[in-house]
Structures are given as C-alpha cells and as structure tokens.
2 protein chains.
Amino acid sequence: MRDLKQFYFFENLDDEQLALLSSFSNKKHFEKGSILFYEKDEAKSLILLIEGVLKVYKTDQKNNEIIMHRFMPISLVAEMAVLEGILYPASAAFESAGVVIEIDFERFKKEFLHNPQMALLFFKSLSKKIKYLEDVIALNIVLDSTARLAKYIFDKEDALNTLKQYQVAEHLHMTPETLSRTFKKLVILELLEKDSNGYKIKNKEGLRVLFE
Amino acid sequence: MRDLKQFYFFENLDDEQLALLSSFSNKKHFEKGSILFYEKDEAKSLILLIEGVLKVYKTDQKNNEIIMHRFMPISLVAEMAVLEGILYPASAAFESAGVVIEIDFERFKKEFLHNPQMALLFFKSLSKKIKYLEDVIALNIVLDSTARLAKYIFDKEDALNTLKQYQVAEHLHMTPETLSRTFKKLVILELLEKDSNGYKIKNKEGLRVLFE
DNA sequence: CTGGCATCTTGATATAAATCACAACTACTT
DNA sequence: AAGTAGTTGTGATTTATATCAAGATGCCAG
C-alpha cells in the first residue's frame with residue numbers, strides 16, 4: 001500500500017481507496033534478465049514499473065532484438081494490451097533487477113474508472129507515453145547518429161553513465177561500433193571529455209548546435 | 001450532433017449526453033493547405049478529425065518539414081497538449097480539404113470524465129495512437145526501404161494509388177528517387193505490376209516475405 | 001493542340017552507417 | 001594472480017540510401 005502511494009499516479013487517493021486498490025494489487029520482484037511477459041501472453045493486469053530498467057522488444061526472423069520501448073521507473077507498461085483485451089504484441093525483459101506492481105484490470109475498471117481524477121491521471125500517463133514515442137521518432141528518423149548522441153547526452157546530462165554503451169547504442173538505434181566512433185568525434189570536437197568514470201560534458205551549448 | 005454520433009468515440013452516448021456535448025462542440029471546415037494550429041499555440045480543445053488528411057509536423061533549421069504524424073479520419077489529434085495544459089509542440093496542416101470538431105476541454109472534463117464508459121473509450125483511443133506510433137517506429141527504424149514499401153503496399157492494398165508518390169515517399173521516410181527505384185524493384189520481382197492507373201499487387205504473399 | 005509546370009524516372013556519385021575482423025581493455029571467478 | 005567472458009575501440013570494406021543532375025512523362029490552362 002505504501003508502494004502504491006509513492007506512485008504519482010495514485011498520490012491523490014485517500015486511505016480507503018488505497019486499501020481497496022491494494023486488495024487486488026500484487027508486488028513482484030525480478031532478477032536481471034528475467035522475463036516479465038512474452039509476446040502473445042494474455043494481458044490481465046495493469047503493470048507499474050517501480051524499480052529497475054525494463055525493455056519491451058520484438059525479435060525478428062534473424063533473432064535480432066528490436067527494442068520498442070525502454071521503461072524507467074515509474075511507468076505504466078503495455079497498457080494497450082489490457083485496455084484492448086488483446087495478447088501482448090511484444091515481450092518484456094528486465095535489464096536490471098526490478099520491481100513491478102500488477103493491478104487486476106477487471107477490478108480496477110470496476111472500482112476506479114468512475115473516478116474522474118483517476119481517469120485524468122491515467123490519460124496523462126498515456127499521453128506522456130505518446131510524447132515519448134513521438135520523441136523517439138523525431139530523434140531516430142530525422143537526425144543522424146552524431147546528432148542523436150548529442151541530443152541524448154544533452155537530455156540526460158546527469159544520468160550519462162548509467163547505461164552500458166551497448167545499451168545506449170541500442171536505444172539510439174546504432175551499432176556499438178558507431179557509438180564508440182561518435183563518442184570519439186565529440187571528444188575531438190571538445191564537446192565531451194573522457195575520464196575514468198566515463199564521459200562528461202565539456203561544452204553543453206556546443207552539443208545543442210548539433211541537433212537543433 | 002449527428003457528427004458526434006458518427007464518431008465511434010461517442011457512439012455509446014445517449015441523446016441527452018450528445019446534446020450536452022454538442023453544446024460545447026464546434027464543427028469547422030478547412031481548405032487544403034490551411035493550418036489547424038501552429039507550434040506554440042495554446043491548446044484549449046480536444047480535436048477530432050472527421051474528414052480529410054492532416055499532417056502534424058515540425059520544421060527544422062533548414063526549413064525541412066519533419067512529419068511527425070499523418071492523421072486520417074476518424075482520429076483524436078494532439079490530445080497531449082490539452083491534457084497536460086501545454087502549448088502545441090508541433091504544427092498541423094491539412095493536406096486535403098478537411099473537417100474537424102473541436103470540443104472545449106474544460107467543459108468536457110467537467111461533464112464527462114466521471115463517465116466510466118467514456119473514460120474507457122478515451123483510453124482506447126489513446127492506446128490506439130500508441131500502437132500506431134509503435135508501428136511507425138518498427139516500420140521506419142528497423143526495416144529497409146524495400147521492406148517498408150512492401151509493408152505499406154500490403155497494408156493499404158485498396159488505397160494504393162490515393163496519395164502522390166512523393167507523399168508516400170515522405171510517409172515512408174525515403175526520397176522520391178528511392179521510392180521510384182524501389183517500386184521498380186518490386187515490379188521486377190513480379191510482386192507488383194504497373195498499368196495506366198498506377199501500381200497493382202500481383203503477389204501479395206510474396207510481398208509479405210519481404211517484411212516479416 | 002501546345003506550352004509549361006508538376007511529377008516521376010534514371011543514372012552517376014557521395015556519404016553515413018553497418019558489417020566484419022580482431023585487438024585492447026575491464027571485471028569477475030576460481 | 002591468471003584466465004575467461006563481457007565490453008569497448010579501431011581499421012578495412014561493403015552496403016543502402018541520399019544527393020546531384022538530366023531527361024521523360026503526364027496534365028492542366030489558354
């Protein structure tokens with residue numbers, strides 16, 4: 001119940017509502033690499049990611065993973081499947097240890113959907129995701145790899161060295177080799193510098209020029 | 001009011017509710033090329049596209065248009081801005097004559113958000129858009145231009161020659177030159193044939209092989 | 001029907017990024 | 001401390017697609 005409250009989604013619920021919600025919610029822990037759901041599994045619950053990094057991906061015929069979405073806490077994951085009552089269109093796996101809360105959707109619908117405040121929160125969560133996807137499109141289809149990396153660094157200044165480079169490469173839809181070369185290029189341009197902890201921004205406005 | 005009812009979104013409303021909704025809704029007609037809203041305009045209404053083709057785009061420093069989204073009827077457009085109460089993050093223009101219904105969001109929120117059925121419809125509409133965007137990502141980032149065109153043709157068999165080729169090229173994020181060459185390739189592979197009305201599918205399952 | 005503008009096609013060239021191959025570095029594990 | 005697996009860096013090569021430049025086709029207006 002405390003876990004539910006920490007999620008901005010539910011912060012406006014009173015204790016009674018929270019207790020009700022807890023009665024059909026379920027907290028689960030996962031290890032790095034474990035699968036949250038597989039493509040074509042049935043979707044019965046709303047899933048809130050509250051800890052860890054979760055990737056949603058498909059595999060093509062050559063067994064390449066296509067990462068559709070990478071979720072950080074706190075997010076609502078793959079709500080489409082539950083809302084539409086269809087099977088999961090992709091698989092989800094943890095890239096770190098993680099924790100989720102599963103909320104039984106039938107009960108949720110019955111008990112909470114009439115609450116306008118709740119509905120509005122839900123809308124916002126979805127539209128946030130829409131914005132995220134639109135950004136992914138703008139980032140990946142329009143910009144070249146240097147610009148993509150520059151924008152990525154610019155946006156995540158603080159969290160710059162939290163992902164492995166090959167994960168960043170996946171996220172930016174380029175190969176690790178290209179990423180490595182692109183980092184080097186930005187160092188040569190004196191926009192970044194590299195020390196024992198990884199890369200650090202040296203000239204933030206210079207980065208901006210590359211993608212705007 | 002009849003216009004509202006035709007939108008699947010509202011088909012479950014009774015007459016009283018529809019009348020109420022009409023009282024703060026507004027139907028507007030637009031000519032080809034006209035602007036529905038500009039980037040940084042204030043968003044006060046929900047916008048339903050009920051006729052025509054609407055593009056949502058940004059322009060970069062070189063004045064290239066980046067098309068974020070192309071809407072066909074019947075869609076809910078750019079709801080994020082209203083939901084979050086922020087300025088439009090992109091501009092929208094009609095590529096054909098068009099009709100929209102604008103619904104005052106404040107009133108909508110007050111009158112309808114407590115209706116669970118309505119809320120659920122709203123959710124579905126948003127999640128439909130999420131799915132669309134995920135498809136755009138899967139289509140454009142992962143597939144090469146031949147596969148993109150094959151999938152496009154496969155999905156729109158009937159509406160194959162409704163857009164100009166340069167519009168299709170935009171949609172598939174390739175140049176008209178590349179599109180032309182790719183069409184030719186598919187004809188050589190005997191998956192398509194070309195007659196006076198344009199291209200026609202000759203081997204549909206053959207097309208599928210290219211993108212699956 | 002004819003000139004003129006849009007669009008589409010085709011060819012030649014340039015370029016960004018993927019791929020392939022392997023070397024260098026890092027961080028665990030026993 | 002050495003060995004192994006996982007990660008990152010580098011060079012050489014290939015590939016897909018964009019770009020540049022012209023020509024061909026279609027299509028409307030007078």
Side-chain angles (χ1 to χ4, degrees), chain A residues 31-33 53 55 60-67 93 95-97 139-153 160-189 192-200 210-211, chain B residues 32-33 60 62-67 95-96 139-153 160-189 192-200 210-211:
Chain A
E31 287 178 9
K32 175 173 174 172
V53 179
K55 66 177 172 189
D60 65 16
Q61 70 276 52
K62 288 180 198 153
N63 257 34
N64 295 321
E65 274 187 10
I66 304 159
I67 298 201
E95 294 189 310
S96 69
L139 182 65
N140 285 289
I141 297 181
V142 175
L143 302 180
D144 68 19
S145 60
T146 308
R148 292 209 294 282
L149 179 58
K151 180 157 170 49
Y152 176 84
I153 295 168
L160 190 52
N161 298 295
T162 52
L163 293 179
K164 300 257 179 201
Q165 266 181 238
Y166 71 86
Q167 291 175 315
V168 175
E170 268 176 355
H171 185 69
L172 298 177
H173 296 277
M174 64 181 83
T175 58
E177 292 97 320
T178 298
L179 181 65
S180 169
R181 289 186 247 262
T182 309
F183 263 122
K184 199 175 169 186
K185 195 159 136 192
L186 295 181
V187 171
I188 290 168
L189 291 170
L192 294 184
E193 51 195 356
K194 189 183 185 175
D195 64 17
S196 53
N197 305 311
Y199 293 94
K200 232 186 74 200
L210 293 179
F211 62 86
Chain B
K32 175 173 174 174
D60 65 17
K62 288 180 199 152
N63 257 34
N64 294 321
E65 272 186 13
I66 303 160
I67 299 198
E95 294 189 309
S96 68
L139 181 64
N140 285 290
I141 298 181
V142 174
L143 302 180
D144 67 19
S145 59
T146 308
R148 292 208 295 283
L149 180 58
K151 179 157 171 51
Y152 176 83
I153 294 168
L160 191 50
N161 296 296
T162 53
L163 292 180
K164 300 257 178 199
Q165 266 181 238
Y166 71 86
Q167 290 176 315
V168 176
E170 265 177 358
H171 185 68
L172 297 178
H173 295 279
M174 64 182 81
T175 59
E177 292 96 322
T178 298
L179 181 65
S180 169
R181 288 185 249 262
T182 309
F183 264 122
K184 198 175 170 186
K185 194 160 137 192
L186 296 182
V187 170
I188 290 169
L189 291 170
L192 294 184
E193 50 195 358
K194 190 182 185 175
D195 64 19
S196 54
N197 305 312
Y199 294 95
K200 232 186 74 201
L210 293 180
F211 63 85

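Just so you know, these numbers come straight off a predicted model, no measurement behind them. Residue numbers begin at 1 in each chain, while the letters A, B, ... track the order of the sequences.
Looking at the side chain of B/Thr175, the nearest of the listed nucleotides C/dT10, D/dT8, D/dA18 is D/dA18. Closest contact between the side chain of B/Tyr166 and the listed nucleotides D/dG9, C/dT9, C/dT7 involves C/dT7. The A/Met174 side chain lies nearest to C/dA18 when the options are C/dA18, C/dT9, D/dT17.
Under the Watson-Crick and G-U wobble criteria, each requiring two contacts below 3.5 Å, nucleotide C/dT9 is paired to D/dA22.
Remark: A/Lys194 is in phosphate contact with D/dG9, judged by side-chain N or O atoms under 4.0 Å from OP1 or OP2. OP1 and OP2 of C/dA6 both lie 4.0 Å or more from every side-chain N or O belonging to B/Gln165. Between B/Lys184 and C/dT10 there is a side-chain polar atom (N or O) within less than 4.0 angstrom of OP1 or OP2. Under 4.0 angstrom from either OP1 or OP2 of D/dT8 there lies no side-chain N or O belonging to A/Ser180. Contact check, A/Lys164 against D/dT8: no side-chain N or O comes under 4.0 Å of OP1 or OP2. At least one side-chain nitrogen or oxygen of B/Ser145 sits closer than 4.0 Å to the OP1 or OP2 atom of D/dT17.
When rounded to the nearest whole Å, the span between CG of B/Leu143 and C1' of D/dT17 equals 15 Å. B/Lys185 places its NZ atom 7 Å from the P atom of D/dT17, with the value rounded to the nearest Å. One atom, CG of A/Leu186, and another, P of D/dG9, lie 13 Å apart when rounded to the nearest Å. Separating the CD atom of B/Glu177 from the P atom of C/dT9 is a distance of 11 Å, rounded to the nearest angstrom. Between the P atom of D/dT7 and the CD atom of A/Glu170 lies a distance of 11 Å, rounded to the nearest Å. At whole-Å resolution of the value, CG in A/Leu210 and P in C/dA16 are 14 Å apart. Rounded to whole Å, atom P of C/dT19 lies 15 Å from atom CG of A/Leu179. Here the P atom of nucleotide C/dC8 and the CZ atom of B/Arg181 are 14 Å apart, to the nearest Å.
You'll find the side chain of B/Leu179 stays beyond 4.5 Å of the side chain of B/Tyr152, heavy atoms only.
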Step-by-step side-chain contact (heavy atoms from CB on, under 4.5 Å) determination, A/Leu186 to A/Ile153: CA-CA 11 Å; A/Leu186 295 181; A/Ile153 295 168; 3.9 Å; yes
Could you go through the side-chain contact (heavy atoms from CB on, under 4.5 Å) check for A/Arg181 and A/Glu177 one step at a time? CA-CA 6 Å; A/Arg181 289 186 247 262; A/Glu177 292 97 320; 3.5 Å; yes
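Applying the 3.5 Å distance criterion, the base of D/dT17 shares no donor-acceptor pair with the side chain of B/Arg148.
For C/dA6, the base adopts the syn conformation, since its glycosidic angle falls within 90 degrees of zero.
Between A/Gln165 and A/Phe183, the closest heavy-atom pair is NE2-CD1, 3.8 Å. Smallest separation of non-hydrogen atoms from B/Lys200 and B/Asp195: CD-OD2, 4.4 Å.
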